[in-house]
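Down below is the structure, laid out as structure tokens.
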Amino acid sequence: MDRKSVSFLFVGLVSGALLAAAVFVFVIRQAKHAGPGGDATTVLKLAHALDQAHPVHTAMELMAKRVGELSGGSLAIQVFPNGQLGSEPETIEQLQRGAVAIVKTSAAALEGFVPEMALFGLPYLFRDEDHYWTVLNGPIGQKLLAAGEPAGMHGLCYYDSGARSFYTVGKPILHPRDVKELKIRVLPSKMARDLIATLGGGPTPIPWGELYTALQQSMVDGAENNAPSFFTSRHYEVAKHFSLDEHTRIPDLVIFSQPIWDRLTPQQREWITQAANESVEFQRKLWTESTAEALAAVEKAGVKIYRPDKQPFVEATLPMYREFQGTPIGELARQIREIR
């Protein structure tokens, strides 16, 4: 390699390093502008895939508002809904490298990054909502919230995402045999795919923003989600059967980029943590109200709501538990079922 080539190579490497450093600093101090007192404001990006009518978005807007109030305007959260910054897996990857500060994600989408999150994909793991929150707020839940730190994710809090149930365009799902040969849209999760496959159906991963069209054009026969998401996505306009089998309770998590978190001051971390905790209380109350309103609204729009016997579904999905016997996830599942 001649001296000129070496020179260009050196300049290129230095330029690349400086650009990477500049991008990282930009994330932490992006859109830095004068706050109310004349001081600079640190703006942090928050990404999620839900639309602005969703109760989870409303809760994150509250968190952003409270961060601004607690910090006196020196710290701000800018919320990007509707997958503007990418899908959940894409924004998680951005968060890991410090390109996004905060991400709201389903625990299912975290499976590929934090293997322990697969636990939440086990069907009928929780007896009811009270059992679910007892676990999340207890030692097991808090341990799982912190499990992403080695992968560059600081867990802030859990949001309620209710129980996931089936909705279909054609026939309703009232028994495990009704899933056979149906193409069901699933989350980007091995556990979600395994659930449908165990019931004899065809698991079909499709991005959330493309699902309405997929249902409309018969690319899939149905999907599974909670009532507020079924309503705010307007999937009820196409899928007229909603079966409340409540097969899984998979929480949403609000996670923070560990590289950025490490560079915040203790006071800034305290503000963010307090705002996140306040948003959890608000979100849980809002979720309960939104679920009731969503069910009433879709029923009024012509959706038939079914409440099938869950026991046949429980028995049909037992092979998923046998697969994890003798593993850490199997042991956690055993401990959870013993919690009263």
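What you see below is based on every heavy atom in this structure, not just the backbone, and it leaves out hydrogens, waters and symmetry mates.
- Ile173 contributes atom CD1, which lies 5.5 Å from atom CG of Leu182 (distance to the nearest 0.5 angstrom).
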side-chain contact (heavy atoms from CB on, under 4.5 Å) between Leu125 and Val135, worked out: CA-CA 11 Å; Leu125 177 62; Val135 172; over 6 Å; no
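- Proximity of Glu61 to Gln52: side-chain heavy atoms (C-beta onward) are nowhere separated by under 4.5 Å.
- Side chains of Trp271 and Glu69 form no contact here, defined as non-hydrogen atoms less than 4.5 Å apart.
- Looking only at distances, a side-chain donor or acceptor of Gln96 sits under 3.5 Å from a matching main-chain atom of Ala151.
- The minimum heavy-atom distance linking Val79 with Ala64 is given by the pair CG2-CB, 4.2 Å.
- Cation-pi check for Arg337 over Tyr321 is met; the charged atom lies under 6.0 angstrom from the ring centroid and within 45 degrees of its normal.
- Glu129 CD to Asp160 CG: the interatomic distance, rounded to the nearest 0.5 Å, is 5.5 Å.
- At distances below 3.5 Å, at least one donor-acceptor pair connects side-chain atoms of Thr288 with backbone N or O atoms of Arg284.
- With Tyr167 as reference, His235 is the one residue of His235, Arg185, Lys240 to meet the side chain to side chain donor-acceptor pair (under 3.5 Å) rule.
- Residues Glu246 and Lys310 are paired through a salt bridge, judged by an N-O separation under 4.0 Å between the basic side chain and the carboxylate.
- Between the side chain of Asp245 and the main chain of Phe166, a donor-acceptor pair closer than 3.5 Å is present.
- In this pair, His48 and His57 present their aromatic rings tilted. The plane angle is within the 30 to 60° band.
- Residues Ser233 and Trp208 come closest through the heavy atom pair CB-CZ2, 3.5 Å.
- Between Glu289 and Lys285 there is a salt bridge, since a side-chain N of the basic residue sits under 4.0 Å from a carboxylate O of the acidic one.
- In this structure a side-chain-to-backbone donor-acceptor pair under 3.5 Å is present from Gln268 to Thr265.
- Hydrophobic clustering (side-chain heavy atoms under 4.5 Å, transitive across Ile, Leu, Val, Met, Phe, Trp, Tyr) groups Tyr236 together with Leu295.
- Here the side chain of Thr168 pairs no donor or acceptor atom with the backbone of Gly222 at under 3.5 angstrom.
- Taking all atoms of both residues into account, the shortest heavy-atom contact from Ile206 to Ala214 is CD1-CB, 3.7 Å.
- The backbone N or O of Glu224 sits less than 3.5 Å from a side-chain atom of Arg164, completing a donor-acceptor pair.
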Check against side chain to side chain donor-acceptor pair (under 3.5 Å), Glu270 and Gln274: CA-CA 6 Å; Glu270 185 178 326; Gln274 180 179 337; over 6 Å; no
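- Between Ile140 and Lys143 there is no side-chain heavy-atom pair separated by less than 4.5 Å.
- The distance from the CG atom of Leu332 to the CZ atom of Phe324 is 11.0 Å, given to the nearest 0.5 Å.
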CA sep, side-chain torsions, deciding dist, call: Gln94, Glu90, side chain to side chain donor-acceptor pair (under 3.5 Å): CA-CA 6 Å; Gln94 292 173 44; Glu90 289 170 342; 5.6 Å; no
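- In the hydrophobic clustering of this structure, Leu264 groups with Leu46; members are Ile, Leu, Val, Met, Phe, Trp, Tyr whose side-chain heavy atoms approach within less than 4.5 Å, directly or through other members.
- When all heavy atoms of Ala333 and Leu119 are compared, the closest pair comes out as N-CD1, 3.7 Å.
- Between Ile102 atom CD1 and Leu95 atom CG the span is 9.0 Å, to the nearest 0.5 Å.
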Test log, rule side-chain contact (heavy atoms from CB on, under 4.5 Å), inputs Thr58 and Leu62: CA-CA 6 Å; Thr58 305; Leu62 173 72; over 6 Å; no
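- In this structure, the separation between OG on Ser165 and NE2 on His247 is 6.5 Å, given to the nearest 0.5 Å.
- Hydrophobic clustering (ILVMFWY, side-chain heavy atoms < 4.5 Å, transitive): Val169 and Ile305 are in one cluster.
- Here the straight-line distance linking atom CD of Glu111 with atom CD1 of Ile250 works out to 7.5 Å at 0.5 Å rounding.
- The only member of Thr317, Thr248, Leu318 that meets side-chain contact (heavy atoms from CB on, under 4.5 Å) when paired with Tyr124 is Thr317.
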Worked verdict on Leu187 versus Ser106 for side-chain contact (heavy atoms from CB on, under 4.5 Å): CA-CA 9 Å; Leu187 290 161; Ser106 167; 4.2 Å; yes
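- No more than 12 heavy atoms of other residues, nucleotides or ligands sit less than 6.0 Å from atom CD of Glu181.
- Lys190 and Glu323 are joined by a salt bridge, as a carboxylate oxygen and a charged side-chain nitrogen come within less than 4.0 angstrom of each other.
- Judged by distance alone, with hydrogens and angles left aside, the side-chain atoms of His131 form a donor-acceptor pair with the main-chain N or O of Arg127 at under 3.5 Å.
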Verdict with reasoning, Glu281 to Asn277, per side chain to side chain donor-acceptor pair (under 3.5 Å): CA-CA 7 Å; Glu281 295 182 21; Asn277 290 338; over 6 Å; no
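- Hydrophobic clustering, with ILVMFWY side chains joined whenever heavy atoms are under 4.5 angstrom apart, groups Leu70 together with Val67.
- Glu149 places a side-chain heavy atom less than 4.5 Å from the side chain of Gln258.
- The shortest side-chain heavy-atom distance between Phe231 and Glu293 does not fall under the 4.5 Å cut-off.
- Proximity of Val254 to Met63: side-chain heavy atoms (C-beta onward) are separated by under 4.5 Å at one or more points.
- The two residues Tyr132 and Ser161 come nearest to each other via the heavy atoms OH-N, 4.4 Å.
- When the shell of 6.0 Å around CZ of Arg177 is examined, it contains 12 or fewer heavy atoms from other residues, nucleotides or ligands.
- Hydrophobic clustering keeps Leu286 apart from Val298 (ILVMFWY residues linked when any side-chain heavy atoms are closer than 4.5 Å, directly or through intermediates).
- With contacts defined as side-chain heavy-atom distances shorter than 4.5 Å, the pair Thr41/Ser74 does not qualify.
- Remark: side-chain polar atoms of Ser243 are not paired, donor with acceptor, to backbone N or O of His241 under 3.5 angstrom.
- Using a distance-only test at 3.5 Å, with no hydrogens or angles considered, a donor-acceptor pair links the side chain of Ser279 to the main chain of Ala276.
- Not a single donor-acceptor pair under 3.5 Å links the side chain of Arg334 to the backbone N or O of Gly330.
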side-chain contact (heavy atoms from CB on, under 4.5 Å) between Met60 and Tyr159, worked out: CA-CA 10 Å; Met60 287 182 285; Tyr159 277 169; 3.7 Å; yes
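- Of all heavy-atom pairs between Leu253 and Ala107, the closest is CD1-CB, 3.7 Å.
- Two residues are said to be in side-chain contact when any heavy atoms from C-beta on lie closer than 4.5 Å; Val103 and Glu88 fail this criterion.
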